[in-house]
Amino acid sequence: MSKEIGITVKKNEDFSEWYTQVVIKAQLTDYAPVKGLIVLRPYGYSIWEFLKSSIDQKLKATGHENGFLPVLIPESLLSKETTHFAGFTPEVFWVTHSGDAEIGDRLALRPTSETLAYSMYSKWIKSWRDLPLKINFWNSALRAEIKSTKPFLRTSEFLWQEGHTVHATPEEAEGEVMTILDIYRKTVEEELAIPVIVGKKSEKEKFVGAVYTTTMESIMPDGKALQMGTSHFLGQNFSKPFDVKFLDKQNIETFAWQTSWGVSWRLIGALIMVHGDDKGLILPPRVAPIQAVIIPIYSSQSDKEAVLKKANEIKEVLAKRGFRIHVDSRDEFTPGYKFNDWEMKGVPLRIEIGPKDLAKNKMVLVRRDSLKKSDLSFEAAEDGIAHMFDEIQVDLFEKAKKLLNERTKNIADLSQFKKEMETGMFLSSPWCGDQKCEEKIKEDTGADIRVIPFDVKRSNAPCIVCGKQSKTDAMFARGY
RNA sequence: GGGACCGUAGUCUAGCUUGGUCAUGAUGCUAGCCUGGGGUGCUAGAGGUCGCCGGUUCAAGUCCGGCCGGUCCCA
């Protein structure tokens, strides 16, 4: 009947439209009245909460604390580090009035908080004893997106965390950069079941103001690469203009070494794109707000009571073990409707309990990812379902890994490069290190250097653009 | 940055070319019944500044302009 309730396009036929429908119809988000802004609905927000708590725990375990920064940054402060300012200024929202009165030093809605944080840090840090200082901020950032906004991937305001740390030595700061990148990688691979490639950004693509930027990248099913998180080594680029210095053990005044890093709700976008199918979302059990939904099936009143009783019993058993279970006892919908509804919302596992099951002392399990059905006795519920969650989590990761592998190739020849890039690929190719070659290939093919992997395998072939001796191989792709 | 398209009840939509009982249908919603292992059926009911502002006209959902919002494609 009314197919409009569900997803009306196929993922591999109209990817963009599919994505838009999934985020809206699965009730993750809705459009706000202002261009480029979205509202997170509870279902979407709870996914963010799982991500947040997973990252937060890891940050705390590695000695970070949370703080809070205000959203307004005076222009005089934002403009202190000039390349940083020049990089961000085109997309800054400005507050120019308070009431009717014009504000002299207009206020930026933070595009990122380096400048504000470091102006504070310079007051707080006096001695080597004050270091390291490792503070993380859960907040939102605002960057005006004039064109082509897309929920979670490109919005004018986004939820994220930004970490800002200060260290006495460059070695320690660089260690921090890697610690964080590893936390990000683990979170994305283990919770979201998305494999990533970690490495460095090129000079052209690094964070404005950083010495270098490390990144994790993955490829989406439409062949576009997505930056999933970055961790920057700032060196003394900010500590000098912001006067973040300390007296070291030898009583010498020294500028500190800094890092900054962040991941945003863009990860939710990746989650949707990588795992979803024609029926809608598919959530990995670790981040699913509802891990299993129980659909009671009955016709007579007496069946109804018995079935619901059993359903709630099973729910209790599983909830005790910490699983997030929902019994869909809505009376106004048929089981078939509910099946489709929860499939669209990506709940990893469906449990059906009806009179036939009560008679046989078992329930029917249906996996969201494979749609495979199996039986499980009520007694075995706890372990059986725990095991199934693990299996789904692993299978989703393996499937995503296969996608990444299929879309990744080593190419040393330019004409072949152009041909492959047309199909949406992640291409590892030799590069001389010259920014001109990087720009040339961007012009010709639309592809950027997404990442120079830490574990890059050197081909030692000539640069794919200019033919000179290559310095490294780099991963090229068109990006989001 | 360049281009194409769209905006009518919660949702999807007819009507726009050729201005005039044209606000259409479905779904959803509410109530009551029926049904229930893959998007059930019946009956009744509520729900609309036709995105906003202005213009043309005796008359604008329909024509014109501006604005707001959204989608897609290319760089």
Side-chain angles (χ1 to χ4, degrees), chain A residues 1-11 13-27 29-39 41 90-91 144-156 222-224 278-280 293-308 310-311 327-345 347 350-360 362-368 371-376 418 421-422 424 438-448 477-480:
Chain A
M1 284 297 281
S2 62
K3 291 288 181 211
E4 303 82 40
I5 308 171
I7 310 301
T8 59
V9 294
K10 293 199 183 310
K11 188 182 181 186
E13 283 173 10
D14 190 348
F15 189 75
S16 285
E17 172 67 17
W18 171 87
Y19 178 84
T20 307
Q21 285 195 18
V22 169
V23 294
I24 301 290
K25 291 185 174 179
Q27 300 187 352
T29 181
D30 205 350
Y31 292 106
V34 178
K35 185 179 180 59
L37 300 184
I38 58 169
V39 175
R41 303 182 67 173
E91 47 192 22
E145 294 289 349
I146 301 123
K147 285 204 68 176
S148 59
T149 60
K150 208 176 241 314
F152 296 119
L153 300 176
R154 186 166 295 147
T155 49
S156 289
D222 63 346
K224 284 190 197 166
D278 290 346
K279 284 169 169 282
V293 62
I294 302 178
I295 313 286
I297 292 156
Y298 49 79
S299 48
S300 71
Q301 191 61 30
S302 59
D303 280 348
K304 176 178 174 178
E305 278 166 28
V307 164
L308 278 177
K310 194 64 186 177
V327 177
D328 186 354
S329 56
R330 290 178 294 178
D331 216 17
E332 66 273 30
F333 294 118
T334 59
Y337 181 96
K338 293 176 185 177
F339 297 165
N340 285 286
D341 192 36
W342 292 111
E343 277 164 1
M344 189 164 69
K345 288 181 175 155
V347 172
R350 178 171 85 235
I351 302 171
E352 302 173 18
I353 301 177
K356 292 180 216 164
D357 304 295
L358 292 184
K360 291 188 221 158
K362 55 100 185 162
M363 52 200 165
V364 176
L365 305 185
V366 186
R367 283 172 57 152
R368 173 61 182 91
L371 298 173
K372 281 194 185 119
K373 290 192 180 187
S374 56
D375 290 341
L376 185 67
K418 288 178 177 169
M421 196 52 76
E422 282 309 309
E438 201 178 349
E439 281 160 6
K440 179 82 169 59
I441 210 149
K442 168 84 178 170
E443 248 172 64
D444 292 353
T445 67
D448 299 305
R478 291 174 182 159
Y480 263 95

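Throughout, protein chains are lettered first and strands after them, A, B, ... in sequence-line order, and every chain is numbered starting at 1.
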Between [M] and [N], how far apart are the [atom1] atoms? Round to whole Å, please.
| N | M | atom1 | value |
| --- | --- | --- | --- |
| B:A31 | B:G37 | C1' | 29 Å |
| B:G20 | B:G61 | C1' | 13 Å |
| B:C22 | B:U62 | C1' | 11 Å |
| B:U40 | B:U30 | P | 16 Å |
| B:G25 | B:G48 | C1' | 15 Å |
| B:C52 | B:U8 | P | 10 Å |
| B:C16 | B:C6 | C1' | 14 Å |
| B:U18 | B:G2 | P | 32 Å |

For [N], the Watson-Crick or wobble partner whose two distances fall under 3.5 Å:
| N | value |
| --- | --- |
| B:C72 | B:G3 |
| B:U57 | none |
| B:U24 | none |
| B:C52 | B:G66 |

### Task
Indicate the atoms forming the closest heavy-atom contact of A:P296 with A:S329, along with that distance.
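Closest approach of A:P296 to A:S329, heavy atoms only: CG-CA, 4.3 Å.
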### Message
Between A:E422 and A:R478 (salt bridge meaning N to carboxylate O under 4.0 Å), is one present in this structure?
### Response
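Result for this pair is yes, salt bridge flagged.
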### Message
Taking the basic N atoms (NZ, or NE/NH1/NH2) and the acidic carboxylate oxygens, is any pair closer than 4.0 Å for A:K442 and A:D448?
### Response
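Between A:D448 and A:K442 there is a salt bridge, with a charged N closer than 4.0 Å to a carboxylate O.
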Would you kindly give the [atom1]-to-[atom2] distance between [X] and [N], to the nearest whole Å?
| X | N | atom1 | atom2 | value |
| --- | --- | --- | --- | --- |
| A:R154 | B:G1 | CZ | C1' | 13 Å |
| A:M344 | B:U11 | CE | P | 15 Å |
| A:Q21 | B:U11 | CD | P | 14 Å |
| A:W342 | B:G39 | CH2 | C1' | 15 Å |
| A:K442 | B:G1 | NZ | P | 14 Å |
| A:L37 | B:C68 | CG | C1' | 14 Å |
| A:E443 | B:C74 | CD | C1' | 15 Å |
| A:I7 | B:C12 | CD1 | P | 13 Å |

Give me the distances for all protein-to-nucleotides 6-10 of chain B N/O pairs that come in under 3.5 Å?
none

#### Entry: All side-chain contact (heavy atoms from CB on, under 4.5 Å) counterparts of A:T334, not counting sequence neighbours
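Expected list: A:Y337.
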### Residue closer to the 5' end of RNA chain B, A:D444 versus A:T149 (nearest nucleotide)
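Nearer the 5' end of the strand: A:T149.
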### Residue met sooner reading RNA chain B from 5', once A:P33 and A:T20 are mapped to nucleotides
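This one resolves to A:P33.
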Is the backbone of [Y] close enough, under 3.5 Å, to the side chain of [X] for a donor and an acceptor to pair up by distance?
| X | Y | result |
| --- | --- | --- |
| A:K310 | A:L358 | no |
| A:R350 | A:V293 | no |
| A:Y19 | A:P151 | yes |

### Query
So, is the end of the A:R154 side chain (NZ or CZ) under 6.0 Å from the ring centre of A:Y480 and within 45° of the ring's axis?
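Judged by the rule (NZ or CZ under 6.0 Å from the ring centre, within 45° of its axis), A:R154 is not positioned above A:Y480.
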### Query
Under a 4.5 Å cut-off applied to non-hydrogen side-chain atoms, are A:V23 and A:K150 in contact?
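No, side chains not in contact.
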### Message
Is there a side-chain contact between A:M421 and A:I441 in this structure, where contact means two heavy atoms from C-beta onward sitting under 4.5 Å apart?
### Response
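No - every pair of side-chain heavy atoms lies 4.5 Å or more apart.
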### Summary
With sugar-phosphate taken as primed atoms, P, OP1 and OP2 and all else as base, the protein-contact string of nucleotides 33-38 of chain B at under 4.0 Å (heavy atoms; B, S, -) is ---BBB
### Task
Using the side chain to side chain contact (heavy atoms under 4.5 Å, CB included) rule, pick out the option among A:K345, A:R368, A:K11 that qualifies with A:K279.
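In the set A:K345, A:R368, A:K11, the residue that makes a side chain to side chain contact (heavy atoms under 4.5 Å, CB included) with A:K279 is A:R368.
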